[in-house]
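Lettering follows sequence order; numbering is per chain, from 1. None of the values given here were measured: they were computed from a predicted structure.
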Amino acid sequence: MTTATNALAGDRTPETILVAVAWPYANNHLHAGHLAGAYLPADIFARYQRMRGNRVLMVSGSDSHGTPVTVRAEQEGTTPEAVFQRYHQSFLDTWDGFGISFDIFTSTDTPNHIKVAQDFFLRLRERGYLYEAEQELLYDPVAQRFLPDRYVEGTCPRCGAEGARGDQCDNCGSTLDALELINPISKLSNATPERRASSHFFLKLSAFTEQLQAWIGGKEHWRTNVRNFTLGMLREGLKDRAITRDLTWGVPIPLEGYDDKRIYVWFEAVIGYLSATVEWAASEANPTGNAEAWRDFWTSDTSRTYHFIGKDNIPFHTVIWPSMILGHGDLNLPYDVPANQYLTMGGTKASKSRGGVIWLPEYLERYDPDPLRYMMTANAPETSDSDFTWTEFVRRNNDELVARWGNLVNRVLTITGRNFDAAVPAPPADLSPESRALIERCDEAFEAVGNDFDHVNLRRGLTAAMEVAQAANQYLDARAPWSAVKTDRDHAAETLYVALNVISGLVTMLHPVLPFSCAKAWTMLGHSGDVEAAGWQRTPVLPGTPLPAPAPLFKKLDDAVVAEEEARLGS
RNA sequence: GGCAGGGUAGCUCAGUGGUAGAGCAGCGGACUCAUAAGCCGCCGGUCGUGGGUUCAAAUCCCACCCCUGUCACCA
C-alpha cells in the first residue's frame with residue numbers, strides 16, 4: 001500500500017541531531033520533576049527523530065562534582081566518589097525503568113571528560129578569553145573551606161531580618177552578597193567566617209555580548225520565555241564570571257601551582273555534552289568505528305544540537321555555554337534550547353529539600369512507566385508550570401490511556417479474534433467512504449503529529465494522536481461490527497480491517513511517548529520486528545495475518561491509589 | 001527591587017484583533033464488542049484587576065495584584 005506517508009518517510013536526507021540533556025547532580029535520587037523537565041521530553045524527541053530515519057545521538061551523564069557532593073560525603077563519613085557512584089547507578093536504573101534511551105550516559109568523573117574539559121580550558125586561555133584576578137571570599141576556619149553564598153547565614157543588611165542567606169534574604173527578597181551580611185555564620189560549622197582573598201580565573205563573558213545577540217536574533221523558533229529571558233540578560237550586559245573554585249573535588253586546573261583549586265562545576269559540566277560525544281565516538285557503541293565521528297555532531301554545519309533543560313538552567317545554556325563555544329571557535333552553537341517550566345506537586349514546587357516529591361525509583365516499584373510518561377506529556381510544563389496530582393494521574397490513566405486508547409485496541413482485537421479466526425479479515429476491493437476517510441485521517445496525522453514533535457510541542461502532538469484514537473472509536477460505534485458480524489459479515493470485516501490498520505498507525509505515532517505499551521501492541525497486531533525500525537509511517541496490517549491473543553495494554557488503577565500516594569507525599 | 005514567563009469553565013489546559021474552545025467532572029440519552037470501557041447531547045466562563053486604543057480586544061497599549069524562574073560563589 002502506497003500512501004502519502006510512505007513518500008514522506010522516503011525521499012528525505014537524514015539529518016544529524018544531537019540531543020543534549022542536562023546533567024543530573026549526583027547527590028540524590030531522581031524525582032518526577034527531573035523526568036517532566038528534561039529527560040522525558042528529550043527521550044520522546046530522540047525517539048521521534050530516530051523513527052524519521054535521522055541520525056540521533058542522545059547524551060548526558062552524572063554531574064559528580066560540586067560542593068553539595070563533598071558536604072554530603074563528609075556528613076556520611078564517606079568519599080565524594082562513593083556518593084557519586086551510588087546515585088550514578090540509581091540514575092542508570094531509572095533510565096532503564098522509564099525507557100529513557102540515552103546513547104551514552106557517562107559522568108564528569110572520567111579521564112576522558114577531565115581531559116576534554118582541561119583542553120577546553122587551555123584553549124580559551126590561549127585565545128585570550130580567560131584571565132586571573134583576586135576575589136575576596138568568606139572562608140570557614142573550622143570546616144577549612146571557602147563558602148558559597150548559600151552556606152552563609154546572617155542578619156539582612158536591608159531589612160534587618162535574622163537568618164538571611166548569603167545569596168538572598170527570604171524576608172525582604174533582596175539579592176545579597178554574602179560579604180554584606182551582618183554577623184555571618186557558616187552553615188557548615190556555625191563558625192564565624194573570615195574574609196580571605198583568593199585568586200581565580202575569569203571567563204570574559206563581556207567579550208561575547210554582540211555575537212550572542214546576533215545569534216539569538218535569528219532564533220525565532222525558540223520558546224518565548226527562553227528567547228526573551230536571554231535577550232534581557234544580554235541587554236543588561238554580561239559580567240565576567242569566575243570559573244575556578246577553592247576546592248579539592250573536581251576537575252584539576254591543568255597548570256602548575258593550582259593544586260588547591262578546581263574548575264567550577266558549571267564550566268566543566270556543560271563541556272560534558274562534548275566530552276560524552278567524544279567518549280561515545282571512541283566506544284563500541286559507535287557503529288562506524290570512527291573515533292572522529294564526534295565531529296559529525298559538533299563541527300558539521302548541517303547538524304543540529306538541542307539542549308533539554310529546566311528553566312532554572314537557561315542562562316548556562318543560552319549565555320555561558322554558547323560563550324564558551326564562541327571562545328573555542330570551532331564548535332557548533334545550540335540550535336534550540338527547549339527549556340521546560342516546572343512540574344509542581346499539588347501547587348508547590350517539586351524539590352528535593354522541601355518534601356512532596358515522587359521519587360522515580362519508588363514509582364517504578366508500584367507502577368508501569370508508560371502511565372507517568374503519558375501524564376507528563378499530556379500535561380507537560382512547556383509554556384507554564386504544570387501541576388501534578390495523583391487524582392489527575394489516576395484519571396488520565398483510567399479515562400484516557402485505558403478507556404480511550406487501550407480499550408480501542410482491546411475491543412478491536414477481541415472482536416476480530418472471536419469472529420474471524422484470530423486473523424486479519426480481508427476487506428472488500430473498494431473501501432466505503434467513511435473507511436477511506438478514517439485511514440486518510442490517520443495517515444495525515446503523521447505529518448501533523450510529526451511536525452509538533454519536531455518543534456518540541458510534545459503536548460500538542462500527543463493530543464493530536466489521541467484525537468485519531470477518538471475518531472476510531474466513533475467509527476467503530478457508527479459501524480457496530482459486533483452486531484454487523486451476524487448480518488453482514490463483509491461489512492464487519494471491512495470495519496475491523498480498517499480499525500486494525502488505524503491502530504497500527506497509532507501504535508507508531510504513540511511510540512515515542514509510550515514505548516513499552518506500544519511494543520506490546522505492535523506484537524499483538526501480528527507485526528514482526530520493532531516499531532522504531534518500521535519508521536514514521538503507518539505499517540499496513542495485511543489480510544490473513546494471524547493475531548495472537550490480546551491482553552490489556554494498561555492496568556486500570558483503583559481510586560484508593562490517590563489516598564495511598566498522597567499519604568506517602570505527606571510523610 | 002530589575003528582567004522573563006504565566007494568570008481563560010469546578011479541575012487540567014488550548015486559543016495573539018473578528019460570534020469564548022477541548023478533555024475530565026456534573027446532568028440526560030441511545031447502545032452493549034471491550035478493562036462498566038466506547039458513542040451522542042446538555043449544563044457550565046464579567047478570559048487576574050482597573051484604565052486606554054479600535055467598528056471590533058482573551059489577543060494591542062498603560063498601571064496594578066498574584067504565582068514561578070533568574071539577577072553572575074547552589075547547580
For nucleotides 3-7 of chain B, give me every protein contact, N/O to N/O, under 3.5 Å, one pair per line with atom names.
{"from": "B/C3", "atom 1": "O4'", "to": "A/E236", "atom 2": "OE2", "distance (Å)": "3.0"}
{"from": "B/A4", "atom 1": "O2'", "to": "A/N225", "atom 2": "O", "distance (Å)": "3.3"}
{"from": "B/G5", "atom 1": "OP1", "to": "A/N228", "atom 2": "ND2", "distance (Å)": "2.6"}
{"from": "B/G5", "atom 1": "O2'", "to": "A/T383", "atom 2": "O", "distance (Å)": "3.3"}

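- Not counting sequence neighbours, the partners of A/R373 by the salt bridge (Lys or Arg N to Asp or Glu O under 4.0 Å) test are A/D43.
- Counting any heavy atom pair closer than 4.0 Å across all strands shown, A/P315 reaches no nucleic acid atom.
- RNA chain B lies under 4.0 Å from no heavy atom of any residue of residues 317-326 of chain A.
- Looking at A/Y264, its side chain comes within 3.5 Å of the base of B/A75 through a donor and an acceptor atom.
- Atom CG of A/L231 is separated from atom P of B/U70 by 19 Å (rounded to the nearest Å).
- In terms of the ring pair (Phe, Tyr, Trp, His ring centres under 6.0 Å) criterion, residue partners of A/F121 (sequence neighbours excluded) are, by chain and number, A/F201.
- By the salt bridge (Lys or Arg N to Asp or Glu O under 4.0 Å) test, A/D140 is found to be paired with no residue, residues two or more places apart in sequence or in another chain being considered.
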Distances for protein N/O vs nucleotides 27-33 of chain B N/O pairs under 3.5 angstrom?
{"from": "B/C33", "atom 1": "O3'", "to": "A/R418", "atom 2": "NH1", "distance (Å)": "3.3"}
{"from": "B/C33", "atom 1": "O2", "to": "A/R411", "atom 2": "NE", "distance (Å)": "3.2"}
{"from": "B/C33", "atom 1": "N3", "to": "A/R411", "atom 2": "NE", "distance (Å)": "3.3"}
{"from": "B/C33", "atom 1": "N3", "to": "A/R411", "atom 2": "NH2", "distance (Å)": "2.5"}
{"from": "B/C33", "atom 1": "N4", "to": "A/R411", "atom 2": "NH2", "distance (Å)": "2.9"}

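- When heavy atoms are screened at a 4.0 angstrom cut-off, A/G417 is found touching no nucleic acid atom at all.
- With sequence neighbours excluded, the residues that form a side-chain hydrogen bond (donor to acceptor under 3.5 Å, both in side chains) with A/K311 are A/Q341, A/D385.
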Anything under 3.5 Å between a donor and an acceptor, one on a side chain of residues 551-559 of chain A, the other on a protein residue two or more places apart or in another chain? List them.
{"from": "A/K555", "atom 1": "NZ", "to": "A/D368", "atom 2": "OD2", "distance (Å)": "3.2"}
{"from": "A/D558", "atom 1": "OD1", "to": "A/A560", "atom 2": "N", "distance (Å)": "2.8"}

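- Contacts of A/Y139 classified as ring pair (Phe, Tyr, Trp, His ring centres under 6.0 Å), with partners at least two apart in sequence or in another chain: A/F146.
- Partners of A/F105 under the ring pair (Phe, Tyr, Trp, His ring centres under 6.0 Å) rule, at least two apart in sequence or in another chain, are A/H88, A/W95, A/F102.
- Using a 4.0 Å heavy-atom cutoff across all strands shown, A/F316 reaches at least one base atom of the nucleic acid.
- Pair check for B/U54 finds none; no Watson-Crick or G-U wobble contact set falls under 3.5 Å.
- Considering only residues two or more places apart in sequence or on other chains, A/R150 meets the salt bridge (Lys or Arg N to Asp or Glu O under 4.0 Å) condition with A/D167.
- A salt bridge links A/E400 with A/R396: the closest approach of a Lys/Arg side-chain nitrogen to an acidic carboxylate oxygen falls below 4.0 angstrom.
- Residues meeting the salt bridge (Lys or Arg N to Asp or Glu O under 4.0 Å) test with A/R196, sequence neighbours left out: A/E194.
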